[in-house]
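On a predicted model such as this, the values are computed, not experimentally measured, just so you know.
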Amino acid sequence: MQKFIKFFKIFLISLLVFILFFGLYYYRKLSKKDNKLVIVDETKINQKTEEKLEGELVFAFFGIDGERGLDYIKKKLTALDGKTAEERYFTTGNPSDTIMLVKIDKKTGKVNVVSVPRDTKVKIAGHDGMRKINASFAKDGPYAALDTLREFSNVDVTNYIAVDYKGVKAIVDIIGGVEIDVPFDMDYDDPTDSPPLHIHLKKGKQKLDGKGAMEFLRFRKSNKGQGDKFLGDVGRVTHQQYFIQELMKQTLSANNVTKLPRMIQAGLEHILTNISIDEMLELAKVFTSYSQDKLTIETIPGTDKYEGGASYFIADEEETAKLFTKIFK
């Protein structure tokens, strides 16, 4: 049996975009100018953004796993400051469990998200042959993953945001948990995983703390003989989207307004981006009037398939191209 995918995490695109843009703006008003709240990719930290609040921002979103989180990646990028193209490639060892292409309309604040399942079979930048798209971040880092996604989508994307899972867990705990309707009993154990994985959630509405939320999001299949529930890559993405919407709604409720500074701090500690600070501050103005009806999330069409003993997601090339064209062209 193929080993259960290690450390499956979901990184809440709507919530973390809110934290990244509105949060930075909020803290800049309340904090001292020299208070460092987010480590931005040094290749763009001093870049001035002449573009005003108009047009669109397109960026790739990567949610990564691994005990080292983003610390190692941040240090490597700082050392590579000034490098270009494949000179910025380096091994991270962290696959991107969540991959999304995002467009923000700067005038209206509308956010369009297209999810790309992590098992999608593609040609990854810098390597021959076809592999899972999530391998690009692990093998060669954020800029290789960005190049791979650009080639696959045919969308001219140059910006990225990378987030590690620890920020999501911290935010859920700060708001006192998130209420989720678990669709069925979830039972899965893998004592060989690192750390050992034990998921035991009952069907029905319940408030999940950070640990429980991560169990919900890591679930992919049941223990043998316990319903044999198998979500596959597409089912996991559906869970991601549902969780995004629920946590976004509950995080931005009136009851949690006083917790916003702590959420912002926790989120920013686990974010890396090459989007300039000036542009983030401009976009913050859009997110001060954000509402959930402005968020649209879609997944590229395709099917799960086993090939050579490995599980892949095979994108429907024609329909996927239509989807990217509809959203980003």
Check Asp185 with Lys203, please: is the shortest side-chain N to carboxylate O separation under 4.0 Å?
no
Any idea which heavy atoms bring [X] and [Y] closest together, and the distance?
X	Y	value
Ala144	Ala125	O-CB, 3.8 Å
Asp164	Leu70	OD2-N, 3.6 Å
Lys259	Gly176	NZ-N, 4.5 Å
Glu215	Ile199	O-CD1, 3.5 Å
Lys329	Val155	NZ-CA, 4.2 Å
Glu87	Leu80	O-CD2, 3.8 Å

Flag side-chain contact, heavy atom, 4.5 Å: [X] against [Y]:
X	Y	value
Asn159	Thr273	no
Lys294	Thr108	no
Phe137	Leu149	no
Phe313	Ile300	yes
Val172	Leu208	no
Val102	Ile161	no
Lys121	Lys305	no
Ser153	Val116	no

Using only atom types and a distance under 3.5 Å, with no angle test, would you say the side chain of [X] pairs donor to acceptor with the backbone of [Y]?
X	Y	result
Thr120	Pro117	yes
Lys75	Ala79	no
Ser96	Phe62	no
Arg118	Thr98	no
Glu151	Thr148	no
Thr92	Gly141	no

When rounded to the nearest 0.5 angstrom, what is the spacing between [atom1] in [X] and [atom2] in [Y]?
X	Y	atom1	atom2	result
Ser136	His127	OG	NE2	7.0 Å
Lys83	Phe90	NZ	CZ	13.5 Å
Asp209	Ile175	CG	CD1	11.0 Å
Lys74	Ile271	NZ	CD1	8.5 Å
Asp119	Ile99	CG	CD1	9.0 Å
Asn134	Ile64	CG	CD1	12.0 Å

Using 30° and 60° as the class boundaries, would you call the ring planes of His200 and His198 parallel, tilted or perpendicular?
parallel
Anything under 30° is parallel, anything over 60° is perpendicular, the rest tilted; go ahead and classify Tyr160 against Tyr143.
perpendicular
Met130 with Phe152, same ILVMFWY side-chain cluster at under 4.5 Å:
no
Can you list the other members of the hydrophobic cluster that holds Tyr312, where links are side-chain heavy atoms under 4.5 angstrom apart?
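Traced through the cluster, Tyr312 reaches Ile314.
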Run the numbers on Lys326 and Glu298 for side-chain contact (heavy atoms from CB on, under 4.5 Å), then give the verdict.
CA-CA 11 Å; Lys326 179 184 74 172; Glu298 299 182 67; 3.3 Å; yes
Looking at Glu317, I'd like to know if its CD atom is crowded, meaning that more than 12 non-hydrogen atoms belonging to other residues, nucleotides or ligands lie closer than 6.0 Å.
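Check fails, neighbour count at 12 or below.
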Phe59: which of Leu101, Thr158, Ile104 passes side chain to side chain contact (heavy atoms under 4.5 Å, CB included)
Ile104
Contacts satisfying salt bridge (charged side-chain N to carboxylate O under 4.0 Å, His left out) that involve residues 171-181 (not counting sequence neighbours) are Lys169-Asp173
What verdict does the side-chain contact (heavy atoms from CB on, under 4.5 Å) test give for Lys106 and Leu57, after you've listed the backbone C-alpha separation in whole Å, the side-chain angles of each residue and the deciding distance to 0.1 Å?
CA-CA 7 Å; Lys106 297 180 183 179; Leu57 173 67; 4.0 Å; yes
Tell me, please, which residues at least two apart from Asn112 pass side chain to side chain contact (heavy atoms under 4.5 Å, CB included).
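By the side chain to side chain contact (heavy atoms under 4.5 Å, CB included) rule, Asn112 matches Lys103, Lys110, Thr296, Ile327.
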Might you work through the side-chain contact (heavy atoms from CB on, under 4.5 Å) test for Phe324 and Asn154, ending with a clear yes or no?
CA-CA 8 Å; Phe324 282 126; Asn154 198 29; over 6 Å; no
Does the side chain of Asp147 come under 3.5 Å of the side chain of Tyr89 through a donor N or O and an acceptor N or O?
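There is such a pair between these side chains.
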